[in-house]
Q: 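Below you will find the structure I want to go over with you.
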Amino acid sequence: MSRSQAFADRAQLTAERLNMPAGGGRFAISRLALGLFLVDQERHKIAIGSDKREHVPLKAGEGWILPAGATGTCEYDEALSFLRLEVPEDLLADVGFEHSDFQPIVGAFDPLLVQLAHQTVSIAGHPPSLYRETMQLALAAHLARLLAPARRALIGVEDRRLRRTLDYIHDNLTANLSLEGMAAEAAMSRFHFARAFTRALGRSPLQYVIHERMELAKLFLKTTRLPISSVAARVGYEDVSRFGQHFRRHAGTTPAAFRAN
C-alpha cells in the first residue's frame with residue numbers, strides 16, 4: 001500500500017446503519033462518533049465516563065455525539081435501529097477542528113446534521129468519488145461548527161448566561177430570533193445583553209446570527225440541490241432578495257455563483 005493510499009484510508013469516515021436487539025452493554029469510542037436513532041427509545045439509559053446510568057429518552061432523529069476515548073454503558077429495552085458514523089482525526093483536521101475534548105452531547109440534533117448523516121450513510125458503500133468526499137467534508141465541517149469552543153466555552157463563570165443564549169441561538173437559528181428573546185434567555189436586559197455579547201464574541205447579536213445563518217447556507221448550497229429560495233427559508237429568510245444581500249456581503253458573491261464554484 002502506498003503512503004498516499006494509507007493516508008487516504010486513515011482520513012476515511014466510516015458510516016453504517018445498524019440493527020440491534022434489545023439490550024445494550026459497554027462501549028469504548030476510539031474516534032469521534034455520532035449515533036442517530038431511527039426509532040424511539042423511551043427507556044434508553046446511558047452512562048458516560050462512569051457507572052451511573054441516567055434515563056435519557058431519545059426519539060427518532062436524536063442521538064449522541066461522543067469524543068474519541070469516551071467509554072460507558074448504554075441500555076435500551078426495545079430493538080434499536082440507528083446510524084453510526086465515526087470521524088477520523090485527519091478528516092477533522094482538514095476542516096480545522098482540533099478540540100477533541102468536548103463535552104458529550106446526548107439528545108436532539110439540528111436538522112442539517114440529521115440530513116448530512118443520512119446522506120453520508122446512504123453513499124458509504126459507493127466507490128470513492130468527489131461527491132462522497134464532499135459529503136464527508138460537509139459532515140465534518142458541520143460537526144466542527146457545532147462543537148466549536150467559540151460556541152460553548154466562553155471564559156468565566158459569569159458567561160454561563162451567554163453560553164445558554166448561544167445554545168438557544170443555534171437551536172433556533174432558522175426561527176424569528178429577536179434581541180428581546182435572546183436577552184430573556186440570558187436573564188439580562190436588552191442593553192446589558194447586547195453589550196456583554198458584543199464584548200465576549202466581537203460582534204453584535206444580530207451580526208452573529210447573520211454570520212451563522214450564512215455559514216449554514218453555504219453548507220446547504222454545497223451539499224444539496226435545494227432551490228436558493230428553499231435555502232433562504234431553511235436559514236430563516238422568507239425574503240429571498242434580503243437573503244441574497246446578506247449572503248453577498250458575507251461571502252463576496254451571490255448564492256448561485258457560490259454553488260457553481
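Only heavy atoms go into these numbers, but all of them, side chains included; no hydrogens, no water, no symmetry mates. Since the model is a prediction, treat every value here as computed from it, not as a measurement.
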Q: Answer whether the closest heavy-atom distance between the side chains of Glu185 and Phe193 falls below 4.5 Å.
A: no
Q: Checking Thr198 against Arg203 for the side-chain hydrogen bond (donor to acceptor under 3.5 Å, both in side chains) test, could you report, in this order, the C-alpha distance in whole Å, the side-chain angles of both residues, the deciding distance, and whether it holds?
A: CA-CA 5 Å; Thr198 303; Arg203 52 170 59 105; over 6 Å; no
Q: Run the salt-bridge test on Arg43 and Glu75 with the 4.0 Å N-O cut-off and return the result as yes or no.
A: no
Q: Between Arg26 and Thr73, do the side chains contain an N or O donor and an N or O acceptor separated by less than 3.5 Å?
A: yes
Q: Can you tell me how the ring of Phe82 sits relative to the ring of Trp64, calling it parallel under 30°, perpendicular over 60° and tilted otherwise?
A: tilted
Q: Mind checking the CZ-OG spacing from Arg17 to Ser122? Nearest 0.5 Å is all I need.
A: 12.0 Å
Q: Does a sphere of radius 6.0 Å around CZ in Arg190 hold more than 12 heavy atoms from other residues, nucleotides or ligands, not counting ones at 6.0 Å or beyond?
A: no
Q: Hey, is the main chain of Glu78 close enough, under 3.5 Å, to the side chain of Gln41 for a donor-acceptor pair?
A: yes
Q: Do His44 and Asp77 pair up side chain to side chain, a donor and an acceptor below 3.5 Å, judged on atom types alone?
A: no
Q: Less than 4.0 angstrom from a charged side-chain N to a carboxylate O is my criterion; do Glu62 and Lys59 meet it?
A: no
Q: Rounded to the nearest 0.5 Å, what separates atom CG in Leu173 from atom NE2 in His170?
A: 7.0 Å
Q: Check whether any side-chain heavy atom of Phe243 sits under 4.5 Å from a side-chain heavy atom of Met214, and report yes or no.
A: yes
Q: If you count the non-hydrogen atoms of other residues, nucleotides and ligands that lie under 6.0 Å from CD in Glu180, is the total more than 12?
A: no
Q: If you draw a 6.0 Å radius around CD in Glu54, do more than 12 non-hydrogen atoms from other residues or ligands fall strictly inside?
A: no
Q: Hey, what do you get for CZ (Arg84) to CD (Glu16), rounding to the nearest 0.5 Å?
A: 4.5 Å
